[in-house]
Structure formats: structure tokens, C-alpha cells
Protein chains: 2
Amino acid sequence: MSTTNNADRIFHAIADPTRRAILDRLRAGPVNAGTLADGFSQSRPAISKHVRVLRESQLVVETRIGRERFYEVNPIPLQTVAGWLEGYRAFWQVSLDRLKRNLEDK
Amino acid sequence: MSTTNNADRIFHAIADPTRRAILDRLRAGPVNAGTLADGFSQSRPAISKHVRVLRESQLVVETRIGRERFYEVNPIPLQTVAGWLEGYRAFWQVSLDRLKRNLEDK
DNA sequence: ATTTTATGTATCTAATTAGTTACATAATTG
DNA sequence: CAATTATGTAACTAATTAGATACATAAAAT
């Protein structure tokens with residue numbers, strides 16, 4: 001995924017349920033890699049790889065303290081998603097009306 | 001992707017840039033399959049498959065008229081995404097403060 | 001009735017991905 | 001300094017995916 005733009009990277013990052021779960025866990029506060037992995041049934045390396053994807057999309061920030069690495073959420077990239085959704089919010093009512101009309105026509 | 005829940009299906013559906021582009025196109029109003037595909041550089045079957053994924057996630061609704069099939073956006077499932085994001089909105093300010101503090105500590 | 005048109009499905013392939021176990025590296029501790 | 005601990009990376013595998021081309025089906029037009 002080398003020629004991938006920012007938005008793609010972000011949407012891809014949050015597409016995986018484990019990665020969303022990691023973000024949700026980190027929302028409670030920063031934890032080190034080991035503690036984070038303990039909360040999941042997958043192997044530590046598997047979680048490590050998910051965290052890497054999250055870091056590459058900037059959704060997670062790493063802080064190294066000694067040999068430990070703490071991870072925390074950076075919500076900024078989620079604004080990209082929020083912005084995309086926004087384009088549908090305006091559409092919301094109008095489209096529901098149309099959908100309803102279409103369904104009534106049957 | 002049989003044992004996939006609703007949210008997973010939705011996040012997965014919007015993860016693909018072509019599928020997001022399809023949704024964005026459909027936001028302008030319903031079109032039939034052929035017209036839709038004409039707007040893309042991929043083959044018609046490729047687009048057809050993307051539309052299927054979008055339909056399975058309920059983001060797109062199909063209406064058959066004669067031999068044509070019209071597609072339109074159903075924004076409702078996007079509420080799932082909006083809801084998930086919402087959990088981060090509250091977190092927004094607090095986490096940015098913390099991030100800022102952490103960065104200042106270096 | 002035959003041909004054309006609109007569109008989905010089958011099949012196959014190349015690329016990507018999520019997971020695993022084994023290994024490497026760098027701090028800490030005794 | 002040797003042993004332990006925290007953690008990422010390498011290598012490999014199985015599953016999933018996006019895309020292409022060829023084919024099937026059904027409606028519409030001649």
C-alpha cells in the first residue's frame with residue numbers, strides 16, 4: 001500500500017475490527033505494547049502489526065520510555081472520516097425522502 | 001466474510017476508494033449500472049462487484065426497471081460510522097491536550 | 001423470432017492481508 | 001556481565017480481495 005493517499009490509509013486502518021478495538025482500548029488512556037496486547041486474544045506480534053498500521057495512518061502515536069513503548073490515540077485523522085461523512089449528512093433527509101417515495105411507489 | 005457483523009461490513013465497504021467514489025457519485029442521484037460504470041476506468045463487472053458489496057452493507061439500494069437497475073445511496077448505515085466517531089469527539093479536546101503536553105515534555 | 005442491449009455471475013490471477021512462530025535488539029535487573 | 005524482559009521484525013501461510021475476460025440471462029427492439 002505504497003501509493004496510498006492519506007484518506008485511503010485512514011479508512012483502511014479503521015476498517016479492521018481489531019484495529020478499531022485497539023483504538024477503543026487506547027481511548028481509555030495510553031498503555032504500553034504488552035499491556036495492550038494482553039487485552040486481545042491474538043498474538044503480541046499480530047497486535048504489534050496492527051499498531052503499526054494505526055501509526056502509519058497517524059491514528060496512534062508512540063512514546064518510548066526505556067524499553068517500553070506507550071501508545072495513545074491521536075484523533076485528528078478521524079476528522080478526515082468525519083468530513084467525508086459530513087457530505088452525506090446534508091444528503092440524509094433529502095435521500096430518505098426520496099427512498100421513502102420510491103418504496104411507496106411499489 | 002460470512003461471520004461478519006453489520007459494523008464490520010459497513011466499515012469494510014467504505015474502506016475501498018472505488019466504493020467511496022461510487023457512493024460519492026450516487027450522491028448526485030440514482031443512475032443505472034451502465035451509466036455508473038461509465039464513470040470509472042475499471043471494467044463494468046468490477047464496478048458491479050463493488051456495488052454488490054455496497055448493497056450487502058445496505059449503503060446502496062437497487063431498483064429494477066425493465067432490464068435496467070438503478071442504484072441509489074441509503075445513508076442510514078453511515079450512522080454506524082458517525083456513532084463510532086462520536087465516541088472520539090468527546091475525547092478530541094482532552095486527548096489533544098494530553099498529546100500536546102506529552103510533546104512539550106520532550 | 002432474432003438480434004441487440006443491460007447487466008449479473010463464473011472463473012482465474014495477482015496482490016494484499018491477518019495471523020503464526022521464530023528470531024533480533026535493546027533496556028533492566030541480579 | 002549474564003539473564004531476563006519488552007518489544008519489533010522476518011519469514012511463512014491461509015484467506016480475502018480487486019480486477020480482468022468470458023459467459024449467462026432477461027428485457028427490448030427490429
Side-chain angles (χ1 to χ4, degrees), chain A residues 1-26 30-72 106, chain B residues 1-26 30-72 106:
Chain A
M1 199 158 262
S2 44
T3 324
T4 307
N5 73 44
N6 238 325
D8 289 355
R9 234 188 302 276
I10 294 160
F11 277 98
H12 171 252
I14 64 173
D16 184 274
T18 300
R19 284 195 291 267
R20 285 202 307 284
I22 289 174
L23 288 176
D24 291 346
R25 168 67 185 80
L26 291 182
V31 278
N32 63 15
T35 310
L36 177 62
D38 285 348
F40 291 87
S41 51
Q42 285 127 302
S43 69
R44 202 183 41 68
I47 300 301
S48 178
K49 271 170 56 176
H50 280 305
V51 169
R52 179 196 255 271
V53 171
L54 290 168
R55 292 216 306 130
E56 282 166 355
S57 69
Q58 313 251 56
L59 280 161
V60 162
V61 172
E62 173 185 281
T63 305
R64 303 172 69 150
I65 296 182
R67 62 185 158 180
E68 286 178 282
R69 297 179 190 207
F70 287 85
Y71 295 112
E72 65 186 296
K106 288 180 190 167
Chain B
M1 200 157 260
S2 44
T3 324
T4 306
N5 73 45
N6 237 325
D8 289 355
R9 234 188 302 275
I10 295 159
F11 277 98
H12 171 252
I14 64 172
D16 184 274
T18 301
R19 285 195 291 266
R20 285 202 306 285
I22 290 173
L23 287 176
D24 291 346
R25 167 66 185 80
L26 291 182
V31 278
N32 63 15
T35 310
L36 177 63
D38 285 347
F40 292 87
S41 52
Q42 285 127 304
S43 68
R44 203 184 41 68
I47 299 301
S48 178
K49 270 170 57 174
H50 281 305
V51 169
R52 179 196 255 270
V53 171
L54 290 168
R55 291 216 306 130
E56 282 165 354
S57 69
Q58 314 252 55
L59 280 161
V60 162
V61 172
E62 173 186 281
T63 305
R64 303 173 68 151
I65 296 181
R67 62 185 159 179
E68 286 178 283
R69 296 177 191 210
F70 287 85
Y71 296 111
E72 66 186 298
K106 289 180 190 165

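The sequence lines fix the lettering, A, B, ..., with proteins before strands; numbering per chain opens at 1.
One finds a salt bridge joining Asp8(A) and Arg20(B) here, because a Lys/Arg side-chain nitrogen approaches an Asp/Glu carboxylate oxygen to under 4.0 Å. Look at Arg55(A) and Glu62(A) and you find a salt bridge, because one of the NZ, NE, NH1 or NH2 atoms lies within 4.0 Å of a carboxylate O, short of that distance. Electrostatic pairing of Glu56(A) and Arg52(A) counts as a salt bridge here, judged by a charged N lying under 4.0 Å from a carboxylate O.
The distance from the CD1 atom of Ile14(A) to the CD1 atom of Ile14(B) is 5.5 Å, given to the nearest 0.5 Å.
Distance, Ile14(B) CD1 to dT17(D) P: 15 Å, rounded to whole Å. Residue Asp8(B) contributes atom CG, which lies 14 Å from atom C1' of dA18(C) at whole-angstrom precision. The distance between atom CZ of Arg55(B) and atom P of dT7(C), rounded to the nearest whole Å, is 13 Å. Look at CZ on Phe70(A): it is 11 Å from P on dA6(D), rounded to the nearest Å. Atoms CZ (Phe11(A)) and P (dT17(D)) sit 18 Å apart, rounded to a whole Å. Rounded to whole angstrom, the span from the CZ atom of Phe40(A) across to the C1' atom of dA18(C) amounts to 14 Å. The distance between atom CG of Leu36(A) and atom P of dA6(D), rounded to the nearest whole Å, is 15 Å. Rounded to whole Å, the distance from CZ on Arg52(A) to P on dA18(C) is 13 Å.
For Ser48(A) and dT7(D), the shortest distance from a side-chain N or O to OP1 or OP2 is not below 4.0 Å.
Each of Glu68(B), Arg69(B), Arg64(B) was compared with Asn32(B) under the side chain to side chain donor-acceptor pair (under 3.5 Å) criterion, and only Glu68(B) meets it.
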Treat primed atoms plus P, OP1 and OP2 as sugar-phosphate and everything else as base, then score nucleotides 18-28 of chain D 5' to 3': B for base contact with protein heavy atoms under 4.0 Å, S for sugar-phosphate contact only, - for none. BBSBB----BS
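In this structure, Leu26(A) and Glu72(A) have side chains that are not in contact, with every pair of non-hydrogen atoms separated by 4.5 Å or more.
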